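First comes the structure, then the notes that go with it.
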Amino acid sequence: MMVIDIFDDMAQVTEEEIQRLLPLVSDERRAEALRYKHLFGQYACLKSYVMLRNLLEQQGLSHPFLFDHNEHGKPFLKDHPEVHFNLSHCKNGIAVAVSNQPVGIDIESYHLAGDGLLRYTMNEEEQRIINESDDPVRTFTEYWTKKEAVFKLRGTGITRDLHGLLQGNEVVETHVNPEKQYAYSVAYW
């Protein structure tokens, strides 16, 4: 079982919507959201949690949820370690995945990578594919979401092995929304 929810109606990012979401989250999440100085950070923090809560409730789990974090900061459900989840957001969208197996998800707005970043993050074959693509910006973003989703699946955070990262046993599915200019990837075993 894996369920994914994508939100990309960024016209809803308003102070009024933040005020509506605040009572729907735990005190801890509310405090975390209000630490963000920008409207979008507050909104993404609140909205991603509400999306996660809805997906968990659809799986038959009851609120309130007790969270903890592994040694690298990846959150998990204390009372339901068999249920895995992951969250991501960018300026164009919010992505949430819930699964009965470890999962990582990443969503990114299209962005151009300079030569230095391209060399640092991509191996020679990936660089070639990106450079020869009809849309190098989209292709770079697709590759980056794949790598970030794998890092998040593993729960280790970004490590130095960026070049060989996509050569593991993980399954990675990538989706793009060219109209809204973002890509997201989901990684799982």
Side-chain angles (χ1 to χ4, degrees), residues 1-8 25 28-29 32-33 35-36 40-41 43-56 58-59 61 65-111 113 117-118 120-123 126 130 138-177 180-189:
M1 162 285 300
M2 183 180 311
V3 290
I4 297 168
D5 192 9
I6 304 294
F7 175 83
D8 61 10
V25 302
E28 180 182 49
R29 191 66 172 197
E32 182 181 340
R35 280 195 289 273
Y36 286 93
F40 178 77
Y43 183 83
C45 184
L46 295 167
K47 181 68 174 180
S48 62
Y49 180 84
V50 171
M51 291 167 64
L52 173 62
R53 187 181 75 194
N54 291 341
L55 290 179
L56 293 171
Q58 289 171 17
Q59 301 309 309
L61 302 179
F65 302 110
L66 300 175
F67 296 95
D68 204 349
H69 297 83
N70 74 11
E71 65 275 10
H72 301 288
K74 183 176 182 177
F76 64 90
L77 290 170
K78 253 178 134 168
D79 294 345
H80 301 282
E82 75 285 2
V83 177
H84 303 269
F85 68 92
N86 205 231
L87 314 169
S88 182
H89 61 80
C90 66
K91 69 178 183 174
N92 295 359
I94 300 169
V96 179
V98 172
S99 179
N100 60 350
Q101 59 190 358
V103 64
I105 193 165
D106 186 53
I107 187 169
E108 296 288 336
S109 303
Y110 286 5
H111 60 279
L117 181 61
L118 192 62
Y120 181 73
T121 60
M122 304 294 159
N123 64 38
E126 293 163 347
I130 291 166
R138 186 201 77 227
T139 306
F140 172 80
T141 305
E142 288 178 52
Y143 269 107
W144 181 250
T145 65
K146 289 176 186 184
K147 291 183 180 213
E148 185 76 21
V150 169
F151 281 133
K152 294 174 83 177
L153 165 68
R154 293 178 182 176
T156 59
I158 295 177
T159 62
R160 295 191 186 276
D161 183 28
L162 291 168
H163 289 182
L165 184 63
L166 298 181
Q167 298 165 359
N169 296 330
E170 301 86 0
V171 176
V172 183
E173 298 175 9
T174 301
H175 307 271
V176 296
N177 186 325
K180 298 221 176 172
Q181 302 281 296
Y182 67 80
Y184 73 92
S185 292
V186 181
Y188 55 93
W189 282 296

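Just so it is clear, the model here is predicted, and its values are computed rather than measured. All heavy atoms count here, side chains included; hydrogens, waters and symmetry mates do not.
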A side-chain contact here means heavy atoms from C-beta on lying under 4.5 Å apart; do [X] and [Y] qualify?
X	Y	result
Phe151	Leu162	yes
Val98	Met2	no
Asn86	Val96	no
Asp5	Asn54	no
Ile4	Val186	yes
Leu87	Tyr49	no
Tyr184	Ile105	yes
Tyr188	Glu173	yes

Nearest-0.5 Å distance, [atom1] of residue [X] to [atom2] of residue [Y]:
X	Y	atom1	atom2	result
Asn123	Leu166	CG	CG	8.0 Å
Leu153	Glu148	CG	CD	12.0 Å
Leu118	Tyr143	CG	OH	11.0 Å
Ile107	Asn92	CD1	CG	7.5 Å
Arg29	Arg53	CZ	CZ	11.5 Å
His89	Tyr43	NE2	OH	12.0 Å

Tell me if a side-chain donor or acceptor on [X] pairs with a main-chain N or O of [Y] at a distance below 3.5 Å.
X	Y	value
Ser99	His84	no
Arg138	Tyr110	no
Lys152	Lys147	no

Report task. Kindly confirm or rule out a cation-pi arrangement of Lys47 over Phe7, judged by NZ or CZ under 6.0 Å from the six-membered ring centre and within 45° of its axis? Result -> yes
Report task. Cation-pi check, Lys180 to Tyr182: give yes when NZ or CZ is under 6.0 Å from the six-membered ring centre and within 45° of the ring axis, no otherwise. Result -> no
Requested in this report: Could you please spell out the steps behind the side chain to side chain contact (heavy atoms under 4.5 Å, CB included) verdict for Ser109 and Gln181?
Outcome: CA-CA 6 Å; Ser109 303; Gln181 302 281 296; over 6 Å; no
Requested in this report: Identify which one of Phe65, Phe76, Phe67 satisfies the ring pair (Phe, Tyr, Trp, His ring centres under 6.0 Å) criterion when paired with Phe85.
Outcome: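 Looking at Phe65, Phe76, Phe67, the match for Phe85 under the ring pair (Phe, Tyr, Trp, His ring centres under 6.0 Å) is Phe67.
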Report task. Would you tell me whether Asp106 and Ser88 have side-chain atoms, one donor and one acceptor, within less than 3.5 Å of each other? Result -> yes
Report task. Please determine if Glu142 and Lys146 form a salt bridge, counting it only when a charged side-chain N lies under 4.0 Å from a carboxylate O. Result ->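 Salt bridge flag = no for Lys146 with Glu142.
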Taking all atoms of both residues into account, what is the closest heavy-atom pair of [X] and [Y], and its distance?
X	Y	answer
Ile6	Ala95	CD1-CB, 3.5 Å
Glu126	Thr121	OE1-O, 4.3 Å
Ser185	Val172	CB-CG1, 4.0 Å
Pro102	Trp189	CB-CZ3, 3.7 Å
Ser48	Cys45	OG-O, 3.2 Å

Query raised in the report: What residue pairs, at least two apart or across chains, pass salt bridge (Lys or Arg N to Asp or Glu O under 4.0 Å) with a residue in residues 71-83?
Result: none
Report task. Would you check, one step at a time, whether the test side chain to side chain contact (heavy atoms under 4.5 Å, CB included) holds for Leu77 with Leu66? Result -> CA-CA 6 Å; Leu77 290 170; Leu66 300 175; over 6 Å; no
**Report entry** Verdict with supporting geometry, His163 and Met122, side chain to side chain contact (heavy atoms under 4.5 Å, CB included)
**Finding:** CA-CA 5 Å; His163 289 182; Met122 304 294 159; 5.5 Å; no
Query raised in the report: Should the pair Phe140 and His111 be assigned to parallel (<30°), tilted (30 to 60°) or perpendicular (>60°) ring geometry?
Result: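 Because their plane-to-plane angle is over 60°, the rings of Phe140 and His111 count as perpendicular.
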